Amino acid sequence: MPLTPLSRPLTAEDAAHFLRRTAFGATDEQIRALVGQKAQDVARAALTFDQSVAPGNPFDPLQGATPGAALQLGRGAWLYELAYGPHPLREKLALTWSNHFVIATDKVRNVPAVVDYLNLLRRHAATRSFERFTLEVAQSPAMLRYLDNDQNRKGKPNENFSRELLELFTTGIGAYTENDVREGARALTGWTFQGGRGNKQYLEQPRFVYQPQQHDDGKKTYLGQSGALKGEDIIRIATSQPTTATFVSRKLHRAFLADTPDDAAVKSSAETWTRTKGDVMAVLTELLASEAFYASRSRIIRSPIEFLVGGIRTLGQPKIDARSLLNLAGTAGRMGQVLLEPDTVKGWDGGREWINDTTLLLRMQVAAALTMGSKAPNLDTPPSLLALTGQERPAGAVLLSSLKGRQRTYLSLISPEFQLA
Amino acid sequence: MTNRRDFLKLSALAVAATSGMPGFLARAATQAGGTKTLVVVQLTGGNDGLNTLIPYSNGAYYAARPNIAIPKKDVLTVTPDLGMHPALRPLMKLWDDGHLAWMENVGYPNPNRSHFASMAIWHTADPAQAQADGWIGRIAEKIGDPFCASNLGAATPQALQASEFSLPSIDSVDNFQLKLPGGMETPFQSLLNSPRSGEAAYLTRATRQMLKNTARVQENVKKYKAGATYPDTKFASQLRDAARLIAAGVGQRVIYVSLGGFDTHAGQRAEQDGLLGTLAGGLSAFQADLERQGLAKDVIVMGFSEFGRRVAENGSAGTDHGKGSVMFAFGQGVKGGVHGSSPDLEDLSEGDIKYRQDFRGVYAEALTRWLNLDARGILGGTFTGPRWIA
């Protein structure tokens, strides 16, 4: 059964909810503009995006003097796009995929490889083919390097990518055996890249290459299918498993519905996934217009990036100088979310993992810097309580209404209501 | 085996029964009891035990690892058959003093080669993977004080999760204080007092707890005067913060520190050698600091990783995921030496060593004989292991 679509026209709180989840947050004016519209139209419009980017991005990773500096500039550039770009849902999806097909810049120190990887996530943000998306990720120099498949050769298998392809990218644990991991690794031999290796070549563009002499062309058996399987076959078989539909749908529910997804709702999305052969656009269109989506208020704890970008967008995208933006990207790291560098290949678990004494303290510091600090942007029109909390009458509404602009905004940003989406 | 559905039902009831404040937070945290501290060191990514405690007299070791074996001439000999990785030299004094223990061949039944499943097993002390709470979270519930165990780092590991709460994570002691803009204290308190439900209630509780924890640390932390120079690594600075918390006497019985990067699928020597150097440099400074402060008799360190690596190297001069591995422990309260027998490198299970000691037995020793707690209640069973506490 597909998810039931929302039948009522959007209320103000519906619209605020939609924009918190799909655009990190919005101003009162942006929220009001959606009131009265149909959920399907709103979802389709948000998912209709091109690859255009924010004008005037102050950061260019290719200007980095060292690999470390270049990657830091890359993080700044992405934060700028997240906060000021024309397509927040595309960026939210890229962020979600960067936490699914994980790479980490401390290992992939080549800048063009990282830039290409991020653009790949943007291009496939609402992909029509999860198989195609996975194949392109698997052949991206960033992933080849990160999970060592660039060193996976005939007779000398390296299992790293083959294992995570199943465990983390497609079927999830329990749907495969150790033998599938080994056979997958054999099939993926010969996929590597040329160029861009080593610290000095960090600005040189690497390219995927297939080296047939390094490929093990013998017979393999993978997830029940046998033959002289190649890398492309492994990707096709892994992505087309029914457990993949459930496993990846669940990730989308984690990103858009709740930190603890509802199994029945996930199953509905998985059925749509299977029926459409991994058409993520179809799954998302259904999801973002569903009753289940609109019923799941305040069930996601905002990640550090969602907190920062949400703050900037809710404040009406005030201009923040480049140095402060770089600092904010660093602060997100201290709150547990360095862009393009999760601690492990599993990515960030999210939810309550984001909340502890240290991160709460940092969130309060950031809120103060955005609203009350000496360099805080001007707030001629402070955000409405609806924009800040997603609710017309949030907890503490009387107290908050009695405060003046900056103080009200500060206190709202550190309230549990703002931390949730 | 525990029926997962029944377990979930039970845990749902348990949450309902303590709705609002979890039981251990509602009780007055009178005193954590005891003066001993356990520092747990997590090596994230699967540290290669065979290149940590090296069977240098074993030909099978060198045969399996033509490129990455540690040459016999480089190992730091500790027994006629075993030697430590040369990067661990800063720990040799502890060994010579009889205060460094190696637990050989540690693992658990039905080993899991997934980093995350295996790490969760070590965190929850539950190879059936049915439990969500961590073993240290359960210590906190037992003691009745949410501050009795803390993580040093940005994110709280599962080991420190309790049923409705996670224990504190302190990224840096210096920054562990609340500075509200002037005039905002009262409105902030009022805002926290508004009634809430669901995740909003969780966030309110977490914020209140943070206010208490930061006050407790800042009141006491000035008591510390550095007794050693620490290397310039994040890991070492976290250990320095651990020493500060211990010196401040704020009541932690367990302190948790992690060092990541051990997933050495390629070019292992360069990577692991550096990491073990970081490990040993930080730990030896920590020990020197404790000794200078007169605290060394009350603190022990216990280290683990989620698994070891395959015995044979792979084609990239690295190693893939394996099963059992070594654990280590040190401190004046530790009985030094090698506990347990080395793995048989010619009798393998799918290319991996067969574990002989259950890690829960190693935990049990720390729980009962160091922290003086009921290990059975925390580990969900009786486990015996090496007697590594002096």
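Computed from a predicted structure; not experimentally measured. Just so it is clear: chains get the letters A, B, ... in the order the sequence lines come, proteins before strands, and each one is counted from 1. Every heavy atom of this structure was used, including side-chain atoms; hydrogens, water molecules and symmetry mates were not.
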Let's test your reading of the structure: which of [options] forms the most heavy-atom pairs below 4.5 Å with chain B?
options                                : answer
A:Gln365, A:Glu159, A:Lys156           : A:Glu159
A:Thr344, A:Asn152, A:Ile301, A:Asp343 : A:Thr344
A:Glu417, A:Arg153, A:Arg334           : A:Glu417
A:Asp148, A:Asp259, A:Leu403           : A:Asp148

If you round to the nearest 0.5 Å, how far is [atom2] of [Y] from [atom1] of [X]?
X        : Y        : atom1 : atom2 : answer
B:Leu191 : A:Ser412 : CG    : OG    : 7.5 Å
A:Tyr410 : B:Leu180 : OH    : CG    : 4.5 Å
B:His265 : A:Tyr146 : NE2   : OH    : 9.5 Å
A:Asn160 : B:Ser316 : CG    : OG    : 9.0 Å

Heavy-atom contact with chain B under 4.5 Å, split by part of [X]:
X        : answer
A:Arg408 : neither
A:Ile300 : neither
A:Pro394 : neither

_When you compare the side chain of B:Pro187 with that of A:Gln407, does any pair of heavy atoms fall below 4.5 Å?_
no
Heavy-atom cut-off 4.5 Å, strictly under: side chain, backbone, both or neither for [X] against chain A?
X        : value
B:Arg113 : both
B:Gln161 : neither
B:Asn175 : both
B:Asp320 : side chain
B:Pro157 : neither
B:Ser190 : both

Please name the pair of heavy atoms, one in [X] and one in [Y], separated by the smallest distance, quoted to 0.1 Å.
X        : Y        : value
A:Ala395 : B:Pro195 : CB-O, 4.1 Å
A:Pro416 : B:Thr204 : CG-OG1, 3.5 Å
A:Ala368 : B:Pro181 : CB-CG, 4.4 Å

*Got a sec: does the CG of B:Asp174 have more than 12 other heavy atoms crowding it under 6.0 Å?*
yes
*Count the heavy-atom pairs under 4.5 Å between each of B:Met184, B:Gln177, B:Glu350 and chain A, then report the option with the highest count.*
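That would be B:Met184.
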*Flag the one option from B:Gln158, B:Lys179, B:Arg196 with the top tally of heavy-atom pairs under 4.5 Å to chain A.*
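Heavy-atom pairs under 4.5 Å are most numerous for B:Arg196.
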*Lys/Arg-Asp/Glu bridge criterion (N-O < 4.0 Å) met for A:Arg297, B:Glu199*: no
*Would you say the side-chain atoms of A:Asn158 pair up with the backbone N or O of B:Gly315, donor to acceptor, closer than 3.5 Å?*
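Side chain of A:Asn158 to backbone of B:Gly315: no pair is present.
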*asked:* Checking side chain to side chain contact (heavy atoms under 4.5 Å, CB included) between B:His115 and each of A:Glu167, A:Glu164, A:Lys346, which is the one that passes?
replied: A:Glu164
_Residues of residues 172-181 of chain A near chain B, each having a heavy atom less than 4.5 Å away_ =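 Interface residues of residues 172-181 of chain A: A:Ile173, A:Glu178.
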*Considering heavy atoms only, which positions within residues 350-364 of chain A lie below 4.5 Å of chain B?*
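Residues A:Arg352, A:Ile355, A:Asn356, A:Asp357, A:Thr358, A:Thr359, A:Leu360, A:Leu361, A:Met364 are the ones that qualify, each having a heavy atom under 4.5 Å from chain B.
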